[in-house]
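Each remark here refers to the structure printed beneath this line.
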Amino acid sequence: MPGKKYSRSYKSKKQTISRSTRAQLQFPVSHVDRFLRQGHYGQRLSSSTPVFLAGVLEYLTAKVLDLAGQEAHSNRKMRITPEHVRKVLEKNRHLYSFFEDKANPPDVKKPKKSKK
């Protein structure tokens, strides 16, 4: 045999399935994972942590958009506007308490002006 030809058997690669698709979520699990790791929210993260958080975020978003859609429909509008979302958050006390800004309390005392 003058020269042996190499016959490579090309296996068809398994198509990669994203973690969002595996968890049947629309929110990107990989982005949530990256943000959790970059934010140093914990020393160790389980592999299910970003999946769970993405699921919670997706549920909250769906709930707010569903209520805002009902609000827009009751106002005879076809599109959801920011005003509809704001009205929904004001009406629902659980969502309002969840989205209120606790980092900057509104009653911060201003420094007194010094007399010259």
Side-chain angles (χ1 to χ4, degrees):
M1 288 166 85
K4 191 173 183 181
K5 296 201 177 190
Y6 295 102
S7 66
R8 292 184 183 175
S9 60
Y10 291 103
K11 292 182 181 178
S12 61
K13 287 187 177 181
K14 268 190 175 179
Q15 196 169 11
T16 59
I17 300 173
S18 70
R19 291 187 284 176
S20 299
T21 305
R22 248 183 247 149
Q24 298 176 351
L25 295 173
Q26 298 298 315
F27 271 51
V29 174
S30 300
H31 290 337
V32 173
D33 189 19
R34 187 180 73 228
F35 292 141
L36 283 172
R37 291 186 190 282
Q38 285 177 353
H40 302 290
Y41 293 106
Q43 288 180 346
R44 293 179 287 179
L45 290 176
S46 168
S47 60
S48 62
T49 302
V51 177
F52 182 78
L53 184 58
V56 169
L57 290 172
E58 184 172 321
Y59 171 77
L60 284 174
T61 304
K63 187 73 171 172
V64 169
L65 287 176
D66 183 39
L67 293 172
Q70 291 174 6
E71 181 72 28
H73 182 60
S74 67
N75 291 336
R76 297 182 183 150
K77 301 290 182 186
M78 295 295 291
R79 294 189 178 115
I80 298 173
T81 62
E83 288 78 25
H84 296 132
V85 175
R86 184 181 47 80
K87 285 181 186 177
V88 164
L89 292 178
E90 287 174 356
K91 286 182 182 179
N92 193 326
R93 66 181 177 95
H94 295 295
L95 289 174
Y96 181 77
S97 66
F98 186 74
F99 285 109
E100 71 182 355
D101 188 17
K102 295 176 184 167
N104 299 324
D107 56 338
V108 175
K109 294 181 181 180
K110 294 181 181 178
K112 295 179 181 179
K113 294 181 180 178
S114 61
K115 294 182 181 179
K116 292 185 178 180

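Fair warning: this is a prediction, and the values are worked out from it, not measured in the lab.
V88 places none of its side-chain heavy atoms less than 4.5 Å from the side chain of K91. Taking the side chain as every heavy atom from C-beta outward, V85 and L67 never approach each other to under 4.5 Å. L60 has its side chain within reach of F98: a pair of non-hydrogen atoms, C-beta onward, lies under 4.5 Å apart.
For the atom pair S47 OG and F52 CZ, the distance stands at 14.0 Å (nearest 0.5 Å). Summarising the geometry, atom NE2 belonging to H94 is positioned 10.5 Å from atom NZ belonging to K63; distances are rounded to the nearest 0.5 Å. We find the NZ-OG1 distance between K87 and T81 to be 7.5 Å, quoted to the nearest 0.5 Å. With values rounded to the nearest 0.5 angstrom, R44 atom CZ is found 11.5 Å from T49 atom OG1. Taking CG of N75 as the reference point, atom CD1 of I80 lies at 11.5 Å (rounded to 0.5 Å). Separation of atoms OG1 (T16) and CZ (R22) is listed at 8.5 Å; rounding is to 0.5 Å.
Heavy atoms of other residues, nucleotides or ligands lying less than 6.0 angstrom from CZ of F99 number more than 12. Environment of CD in E90: crowded, with over 12 heavy atoms of neighbouring residues, nucleotides or ligands closer than 6.0 Å.
Residues F35 and Y41 approach most closely at O-CE1, 3.8 Å, considering heavy atoms. Closest approach of H84 and A68 over heavy atoms only: CB-O, 4.0 Å.
Residues L45 and V32 share a hydrophobic cluster, clusters being chains of Ile/Leu/Val/Met/Phe/Trp/Tyr side chains in contact below 4.5 Å.
Panel note: side chain T61, backbone L57; a donor-acceptor pair is recorded below 3.5 Å. Without hydrogens or angle criteria, R19 side chain to V51 main chain gives no donor-acceptor distance under 3.5 Å. Looking only at distances, no side-chain donor or acceptor of H31 sits under 3.5 Å from a matching main-chain atom of P28. At distances below 3.5 Å, at least one donor-acceptor pair connects side-chain atoms of S97 with backbone N or O atoms of R93. With hydrogens and angles disregarded, no donor-acceptor distance shorter than 3.5 Å links the side chain of S20 to the backbone of Q26.
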Problem - Residues F27, L53; criterion side-chain contact (heavy atoms from CB on, under 4.5 Å); working and verdict - result: CA-CA 10 Å; F27 271 51; L53 184 58; over 6 Å; no

